[in-house]
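Read through the structure below, which is laid out as structure tokens, and then see the notes.
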Amino acid sequence: PSGPGSPTRKAGNDAEAMARDPHGRGWWVAFESVHQLRLFDEALARTLAVVPLDGRRWAENGGVEGMAEQPGH
């Protein structure tokens, strides 16, 4: 419900990747089309942080397709 787009439409809420936050704060979710990462709480109900990725030249239906934790970070 606290994704980047309307909660009633897939457009703007097309999540492509998800990874647990290494600091235990919740889940990082990568969104395609709106090109951003969001940190959600454990229940995936509330956005805690937003990292815009729109400075890159993504295709309209492109963007982050996967994520991996970097060991030690």
Side-chain angles (χ1 to χ4, degrees):
S2 66
S6 167
T8 61
R9 301 192 55 191
K10 181 181 177 185
N13 287 307
D14 190 6
E16 294 291 321
M18 183 172 162
R20 183 169 291 284
D21 178 68
H23 304 289
R25 297 174 293 183
W27 297 93
W28 284 100
V29 180
F31 289 92
E32 185 177 72
S33 299
V34 294
H35 313 302
Q36 61 182 230
L37 302 176
R38 283 187 176 230
L39 175 62
F40 286 91
D41 64 7
E42 285 288 327
L44 296 169
R46 189 170 53 98
T47 299
L48 304 176
V50 177
V51 179
L53 300 174
D54 54 359
R56 300 172 181 264
R57 293 184 174 255
W58 303 105
E60 184 176 332
N61 192 33
V64 177
E65 296 287 334
M67 292 190 295
E69 181 183 349
Q70 183 176 353
H73 290 87

(message) Treating D21 as the side-chain partner and W28 as the backbone partner, does any N or O pair qualify as donor plus acceptor under 3.5 Å?
(response) no
(message) How long is the straight-line distance from CD of E42 back to CG of L48, given to the nearest 0.5 Å?
(response) 9.5 Å
(request) Could you state whether L53 and V50 fall into the same hydrophobic cluster, counting links through intermediate Ile, Leu, Val, Met, Phe, Trp or Tyr residues with side-chain heavy atoms under 4.5 angstrom apart? (result) no
(message) Tell me the closest heavy-atom pair linking S6 and N13, and the distance in Å.
(response) O-ND2, 2.6 Å
(message) Let me confirm one number: the CG-CZ distance from L39 to R46, rounded to the nearest 0.5 Å.
(response) 9.5 Å
(message) For a quick test of reading the model, state the closest non-hydrogen atom pair linking A17 to G66 and the distance between them.
(response) CB-CA, 3.6 Å
(request) Rounded to the nearest 0.5 Å, what's the gap from CD on E32 to CD on E65? Could you check? (result) 5.0 Å
(message) Distance check, rounded to the nearest 0.5 Å: F31 atom CZ versus M18 atom CE?
(response) 10.0 Å
